[in-house]
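Beneath this line is the structure, given in structure tokens, with notes to follow.
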Amino acid sequence: MSFDRRIFNFAAGPATLPEEVLKQAASEMLNWQGLGCSVMEISHRSNEFMALYEEIIADLRQLMQIPNHYAILFMQGGGIGQNAAIPMNLMALAKNSPKADFLVTGIWSEKSQKEAAKYGEAHIVATYSKGGIASIPARNTWNLSTDAAYVHYCANETISGVEFPDFPDVGSTPLVADISSNIMARPIDVTRCGVLFAGAQKNIGPAGVTIVIVRHDLLGHAMPMTPMIWDWTNQAANQSMLNTPPTFAIYFSGLVFKWVKNQGGVLEMEKRNLAKSSLLYNYIDQSSLYENRVAKECRSKTNVTFYLKDEGLNAAFLEQSTKQGLVSLRGHKAVGGMRASIYNAMPLAGVTTLVEFMREFERRA
Ligand SMILES: *Cc1c(COP(=O)(O)O)cnc(C)c1O
């Protein structure tokens, strides 16, 4: 398939980026800030890059209302890298031996729990049931520890499309939130968490940079074996530049932060994401061909999963939608079906076009 225009890209990540930002980056590619070269070609320690870096951190702080007693780190290695970095940096805070609690609500939190088990006890507080209607295990079934360093949870399970409507109630133990697929999709109270982390490639920018937000009192507890680039304390003291940072991904993320600000901030993003996701869910719920398999109270606003009741039509659905420029709707192989990832950069027009296609496909089925 080849296109001579921009598609509506529903990929889960790397994902669609705002068209205006792509154009801006293109226009600055050969000559950034009059330096006669691109931002990718200058030193990360140059005055120009350091000034840009400070501005990006300030914009992120403002957009997400991150108080000054939280450090903002730009790291590499993605969310998967943090699955190891988090236990290495925090588990030693446990009362007795290294230990953390895990709310396992889907494939991503399951992966985090497995990785953490290499560094200490990774206690499962509750786990999701596979098949049927996906949901978050009821609060009264959770088995929280009294001696865990932190509780890890995934705010939005990207694969199944299960999103926590609010922060889980875990008492006074610090909460670690994987916000990889819903960062900046809705306003959140950062102070409810000790640590928040997200790879950029879903709702922010290109792959390559991972945002880690850490409350200052949680720094300084890394296990001695922690590699220096994974040590948050070390990174916080060195502006995340212990090694060469992914400068282009950081620059591009900064352009997206400006874009979000100009659109009206994170509150405006939430309004749009609610409009887009309810359009899809409302259509799916009244349809006789499609169904969503997530409990209503925890349906994701950024990753809308759905199934064709007649799975024999999957191939035709994917082929015809792709032909019309509605691309990457195939669900994750672990759960099958379809998934429309509708992050901040997905315009409403993409979702209305998708719903029109789904309606027409159903009419002909
Ligand atoms: C994509 C994703 C990750 C992993 O991110 P990588 O950058 O590929 O390591 C972790 N958690 C969630 C919720 C994700 O959606």
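In listed order, ligands and their atoms are each counted from 1. Not measured: the values here are computed from a predicted model. Throughout, numbering of the chain's residues begins at 1 and tracks the sequence. Excluded from the calculations below are hydrogen atoms, water molecules and symmetry mates; all remaining heavy atoms, backbone and side chain alike, are included.
Between Lys202 and ligand 1, an N or O atom pair is found at a separation short of 3.5 Å. Polar contact with ligand 1: present for Gly79 (N/O pair, distance under 3.5 Å). An N or O contact shorter than 3.5 Å links Ile80 to ligand 1 by distance.
Of all the heavy atoms of Thr158, the ones lying under 4.0 Å from any atom of ligand 1 belong exclusively to the side chain. Of the heavy atoms in Thr210, none comes closer than 4.0 Å to ligand 1. Under 4.0 Å from ligand 1, not a single heavy atom of Glu157 appears. The residue Lys111 has no part lying near ligand 1, judged by heavy-atom distances below 4.0 Å.
Ranking protein heavy atoms by distance to atom 8 (O) of ligand 1, first place goes to Gln201 NE2, 3.5 Å. Nearest to atom 11 (N) of ligand 1 among the protein's heavy atoms is Asp178 OD2, 2.7 Å.
Which parts of ligand 1 touch Cys154 is read off a 4.0 Å heavy-atom cut-off, strictly below it: atoms 13 (C). Close contacts between ligand 1 and Asn156 involve ligand atoms 13 (C) [criterion: under 4.0 Å to a heavy atom].
A cation-pi contact, defined as under 6.0 Å to the ring centre and within 45° of the axis, is absent between Arg339 and Phe306. For the pair Lys202 and Trp108, the distance from NZ or CZ to the six-membered ring centre is under 6.0 Å and the angle to the ring normal is within 45 degrees.
Close placement of the Phe317 and Phe357 rings is indicated, their centers lying within 6.0 Å of each other.
Salt bridge absent: Glu362 and Arg359 never bring a charged side-chain N and a carboxylate O closer than 4.0 Å. Using a 4.0 Å cut-off between charged side-chain N and carboxylate O, Glu19 and Arg6 make a salt bridge. Under 4.0 Å is where a charged nitrogen must lie from a carboxylate oxygen, and between Lys261 and Glu268 no such pair does.
Ligand 1 does not have Gly199 within reach: every non-hydrogen atom of the residue lies 4.0 Å or more from it.
With hydrogens and angles left out, the side-chain atoms of His152 and Ser112 include a donor and acceptor closer than 3.5 Å.
Within 6.0 Å of the CD atom in Gln65, the count of heavy atoms belonging to other residues, nucleotides or ligands does not exceed 12.
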